[in-house]
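Worksheet for the structure shown next.
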Amino acid sequence: MSTSAAIQVSDLAAAIAKGERAALAEALNLLDDRRQAARQKSAALLAHLQSEYSDNCNHLIGITGPPGVGKSTLSAALIAVWRKRGLRVGILAVDPSSPFSGGALLGDRVRMQTNSEDDGVFVRSLSSRGQFGGLSAEVWPMCIVMLAGFDIVLIETVGVGQREVDVSRLCDTTCYVAQPGSGDSVQFLKAGILEVPHILVVNKKDMGAVAQRTLSELGNALNAEHPDGQWQVPVLATSALNGSGIEALADVMAHHHQSLQERKQLARRRGSYQAYWIHKRLEEEFGSFGIDKLGGEKALLEQLQSQDMDLFKQYDSLRQQCCNGEVDKHESDND
Amino acid sequence: MQRDRPWLMRTYSGHSSAKASNELYRTNLSRGQTGLSVAFDLPTQTGYDSDHPLARGEVGKVGVPINHIGDMEALFDQIPLGEMNTSMTINATAPWLLALYVAVAERQGADPGQLQGTTQNDVLKEYLSRGTYIFPPEPSVRLTTDLIAYTVKNIPKWNPTNICSYHLQEAGATPTQELAYALSTATAILDAVQASGQIPADRFQQVVGRISFFVNAGIRFVEETCKLRAFSRMWDDVARNRYGVEDPKQRRFRYGVQVNSLGLTESQPENNVQRIVLEMLAVTLSKNARARAIQLPAWNEALGLPRPWDQQWALRMQQVLALETDLLEYGDLLDGSPVVEAKVLELIAGAQQEMDNVAAHGGMVACIDNGYVKRELVQSHTRRMRNIESGDLKIVGVNCYQETATSPLTGGEESGIMKVDELAEREQIATLQAFRATRQQGAVDDALALLRAAANDGSNIMPSSIQCARAGVTTGEWSEVLRGVFGEYRAPTGIDFVASDRSESKALEQVRERVRATSDELGRPLRLLIGKPGLDGHSNGAEQIAVKGRDSGFEIVYEGIRLTPSQIARAAQEEGVHLIGLSVLSGSHLELVEDIHNELEAIGCKGIPLVIGGIIPQDDARQLLDRGLKAVFTPKDVDMNIIMNTMVTIIRQVNGLEPLA
C-alpha cells in the first residue's frame with residue numbers, strides 16, 4: 001500500500017475511534033464493498049484498528065430470539081438505559097434476506113425508534129444476505145469497526161433454534177429473548193437445539209401469569225451453570241412496553257462482562273470470534289473438503305486462536321493454502 | 001307525492017386557517033349544504049401546536065389548524081352551534097376537539113346538552129391505515145370510551161364515535177374484511193364502555209344506539225350496495241344478540257359515507273366524476289341501507305387540494321340525485337331480488353368467518369399489537385396492486401385507454417387545483433404566540449394539573465379537558481400531558497408481513513438483473529432508505545414501494561412515519577444508502593424536501609439522491625426537480641417496475657456508471 005493510502009487509513013481509524021459518524025458510515029460502506037481496491041483498504045483498516053484501537057474494555061452483546069418477541073423494542077429500551085449511564089452504543093441490526101430476489105426489508109430501525117439527534121447512538125441495518133447461518137459475512141468485520149468507536153456494540157438478530165449459534169459465537173454476552181406462552185424456547189433448550197445463552201429474558205412481562213409461567217419453565221429447563229463455566233445463567237423478566245426490568249437486564253449484562261474480564265477470558269473469547277469467522281468463510285468457499293485440507297476444524301480453530309494476526313491476513317493466507325493445495329505450517333506461523 | 005327526506009349533505013373541508021375555513025363553511029352552507037364536516041390539519045390530529053418542529057410544512061395543509069379556543073371560536077364565527085350539525089374527523093385528539101367545541105358553544109350561549117354532530121373518535125383504524133394515532137392501543141381505547149360515556153350522559157344527540165370501515169378499504173380491505181373489521185372494532189369499543197362501568201346497565205342500550213359508522217363505497221357498486229345491506233343485518237344481529245338491545249330503532253345501522261378516494265385517478269381526472277356518481281348510487285339505491293350523511297370527494301383530489309368550485313360540483317352531484325331524480329319516491333328497490341340476496345348472504349358468511357378469526361387472535365385491540373389485521377390488509381392491498389400492474393384489474397385511463405385529448409379542466413393558471421396560501425403557516429404561528437402571551441398562566445397550569453390527575457386516576461377525561469379548553473390550553477399542551485401519562489406508540493408496519501413476489505414475470509426479472517448488475521459494479525448491494533417525513537401517516541404507498549424494492553433485490557431500510565428531516569438525513573448516513581425515497585401525501589412536500597436537502601448537506605451527504613412519491617401537483621414537481629430532486633412519482637405511476645428501474649438509473653447516473661443496455 002502506498003504511503004498516502006496508509007495515512008488515509010490511519011486518519012479514518014482515528015476518526016472512527018473518536019466516534020465521528022461520517023467516518024463510521026464510510027468504514028461500514030467500505031467493509032461492504034467487494035471490489036478489489038476496497039478489500040485491500042478494508043484489510044488495512046481492520047489491521048490498523050485491531051492493533052491500535054482494541055483494548056477489550058468495551059462490550060459486544062448479542063440479542064436474539066424468535067420474530068415478534070419484541071427484540072427491537074427491548075434494544076431501544078436498553079439503549080436508553082445505557083445512554084443515561086453515559087455509554088456510547090453502536091447497533092448492528094440483522095434481518096433475513098429474501099431467497100427469491102436477494103433483497104431485504106430492514107425494519108428494525110423503525111421499531112427501535114432511537115433518538116436520532118443523539119450522536120452517542122449509531123444504527124446500521126444489515127441483511128443476512130442469504131448465508132452464514134444467521135449472520136452475513138460482514139458482521140464480524142463491522143463489529144471490529146464499531147468496537148473501536150463505542151462502549152457497547154449490540155448485534156440484534158432473529159434466531160429460532162440453531163440459527164442463533166452464529167451470534168453466540170461472535171459475542172461476549174448472548175442474551176436470548178423468549179416469547180411468553182410459547183413453549184418453543186423451553187423445548188429447544190431441553191433438546192439442546194438452543195445454544196445456551198448467558199442471559200435468558202422473558203419479554204412482555206406485562207402479559208402477567210403467562211409470562212410468569214414461561215419464566216419458571218425456563219428456569220427449570222436450564223442447567224443453571226453456563227457451559228463456559230463460572231456463570232450462573234439468570235432468567236429475567238422485562239417489559240419493553242412499560243420499561244420495567246430493563247435496568248436490571250443492563251446490570252446483569254455488565255456483570256457478565258465484568259466476570260469475563262476478571263477471569264481474563266475476554267481477549268481469548270474475542271480471538272475465538274475471529275477464528276470462528278474465518279473458519280465459516282473458508283468452509284463456505286471450499287466446503288468441508290477445504291477444511292480437512294487445512295487439518296480439520298479443531299486444529300484449524302486452535303491454530304487460528306494461537307496466532308496474533310489480523311483478520312484478513314489470516315484469512316488470505318489460509319485461502320491461499322486451500323487454493324494451492326500446499327499447507328506450509330511454518331510459513332503461516334511465522335508470517 | 002311523498003318523498004323521503006334527503007340525507008345530510010356535507011363536504012369534507014378546512015384549510016389554511018380558522019378564519020379562511022369559516023368563510024368556506026359559510027359559503028358552502030349558503031349553497032345548500034346541510035351540515036358541516038371539519039377537516040383538521042395533521043398537527044391538530046396528532047397533538048402538536050402549529051409551531052412544533054414536526055408541524056413544519058403541515059400547518060393548514062390537509063385541514064384547518066386548531067390550537068386553542070380562539071381558533072375554534074373563529075372557525076364557527078356566525079355559525080350558531082346550537083342549530084348546526086357538525087362532523088369532526090378527529091381521532092387521537094377527539095376528546096380535546098370536542099372539549100373545544102363545547103367551550104365555544106358555551107361562549108355562544110348555546111346549551112351544550114343540545115349539541116348535534118359527530119366525532120370520528122375511532123383510533124383503532126388509525127393504527128391500521130391512517131396513522132394519526134398517538135398513544136398505545138389501551139389508553140387510546142380508554143379515551144374513546146370516556147368520550148362515549150360523557151356524551152351519552154351529557155350530550156345525548158351527539159354521535160360519539162363513527163366506526164370507520166372507510167380507511168380499511170383504502171388500506172386494501174375487501175368488502176368482507178371491511179364488514180368484519182368494522183364490526184369487530186364496534187364490539188371492542190362497546191365491550192370497553194361496558195367494562196369501564198361508566199354507564200349503568202339499564203342505559204347501555206342507548207350507548208349501542210349512538211354508535212354510527214363511516215363507510216366507503218368503491219366502484220364495484222353492486223357489491224357495495226350488498227355490503228351495506230349485509231352491514232345493516234349484521235349490526236342488527238350484534239346489537240340484539242350480543243348486547244340485548246330490544247328497541248329496533250337502537251339497532252339501526254346508521255352510517256355516513258365518503259365515497260372512495262383511493263380509486264380516483266390522476267390520469268384523465270374528469271373520469272372521476274362518473275366514478276363518484278356511481279359510487280354514490282351504491283350508498284343510496286337501497287332504501288333500507290341508505291346513508292344518513294354523504295360527503296363526496298372532488299374530481300381532482302388525486303391532483304392536489306380541490307378549489308371551492310370543485311367542492312361545489314361534488315355537492316351538486318348529491319343535489320341532482322336527491323332533488324331531480326325519482327330515487328326518493330320509492331321503497332327499497334332491491335328487496336326480493338334473489339341475486340342481491342345471494343350476494344348479501346355470501347358477504348355475511350365471509351365476514352362472520354373473519355370476525356371469528358379476529359376473536360381467535362384475541363379481539364380487535366389485541367390484533368393491532370399482534371399485527372394480525374394489518375397483515376391481512378396488506379396482503380389484500382398487495383394483491384390489488386399486483387392485479388393493476390398485470391392489467392387483470394382494469395382502470396380506464398390508467399392501465400387501459402391511456403390515450404387522451406388535452407383536458408381543458410386541468411389547464412389554466414392554477415392547473416385545476418387550489419393553492420394554499422404560503423403565508424398561512426407563518427400567520428397561524430404568530431396568532432398562536434400572541435394567544436399564549438395573553439392568557440392567564442395560572443388558570444392554564446391548574447387546568448393541566450386537573451387533566452393529568454384524571455389521566456392518572458382513570459376518571460373521565462372530558463370534564464378536565466373542557467376546563468382546559470376554557471382556560472386557554474393549547475392542543476400541544478393537552479397532548480403533551482397525556483403523552484407523559486400514556487406514552488407514545490408505533491404500530492406494526494405493513495412491511496413485516498408481505499410474502500415475496502414469486503411470480504417470475506419478465507419485467508420483474510429485468511429489474512432484478514439491473515439491480516444485480518449495478519450492485520456488482522458499485523461493489524455492494526444497492527440500499528434504499530424509504531420513509532415518510534412530516535406528520536402524514538398514510539403509509540400504504542411507502543410500504544408497497546418498500547416491499548417491491550425487496551422483491552426487486554434492493555436492501556430496503558424502512559424508516560416509517562413521522563420523521564423529521566434531520567432524522568432522515570442521519571439515517572441515510574448511518575445506513576450507507578444509495579438513494580432516499582420519500583413519501584408525502586399531505587401537501588407539505590416543498591418545505592420538507594428543502595429541509596432534507598439542507599440537512600443532508602450539513603452532514604456531508606449531499607450526494608445521496610432523493611426521489612419522492614405522493615400527491616404532488618405538476619407545478620410543484622417541476623420546482624422540486626429544479627431544486628435537485630431526481631424524480632417525482634404520483635398516483636398515475638402505477639407500474640412499480642418502472643419506478644424501480646428509474647431508481648436504478650438514478651443511482652447509476654449519480655455514481656457515474658454508463659447506462660445499461
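Below, chain A is the first sequence line, B the second, and so on; all start at residue 1. Hydrogens, waters and symmetry mates are skipped; everything else that's a heavy atom, side chains included, is used.
Chain A forms more heavy-atom pairs under 4.5 Å with one residue of B/G560, B/G604, B/G553 than with any other, namely B/G553.
Remark: B/E555 CD to A/D95 CG distance equals 10.5 Å, nearest 0.5 Å. Taking CZ of A/F122 as the reference point, atom CZ of B/R570 lies at 10.0 Å (rounded to 0.5 Å). Taking OH of B/Y558 as the start and CG of A/L105 as the end, the distance is 10.0 Å to the nearest 0.5 Å. Distance check: A/S125 OG to B/L529 CG gives 9.0 Å after rounding to the nearest 0.5 Å. Separation of atoms CZ (B/F554) and OG (A/S101) is listed at 10.5 Å; rounding is to 0.5 Å.
Scanning both residues, B/R550 and A/S98, for their nearest heavy atoms gives CD-CB, 4.0 Å.
Around CD of B/E513, the count of heavy atoms belonging to other residues, nucleotides or ligands within 6.0 Å exceeds 12.
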Criterion side chain to side chain contact (heavy atoms under 4.5 Å, CB included) on B/E574 and A/R124, from CA distance to verdict: CA-CA 6 Å; B/E574 285 181 20; A/R124 171 65 66 113; 5.6 Å; no
Working for side chain to side chain contact (heavy atoms under 4.5 Å, CB included), residues B/E559 and A/V110: CA-CA 5 Å; B/E559 177 78 345; A/V110 56; 5.7 Å; no
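Within the 4.5 angstrom heavy-atom criterion, no atom of A/A38 approaches chain B.
In this structure, B/E575 and A/V123 have side chains that are in contact, with non-hydrogen atoms separated by less than 4.5 Å.
Residues of residues 515-528 of chain B that come within less than 4.5 angstrom of chain A, heavy atom to heavy atom, are B/S519, B/D520, B/E521, B/L522, B/G523, B/R524, B/P525, B/R527 in numerical order.
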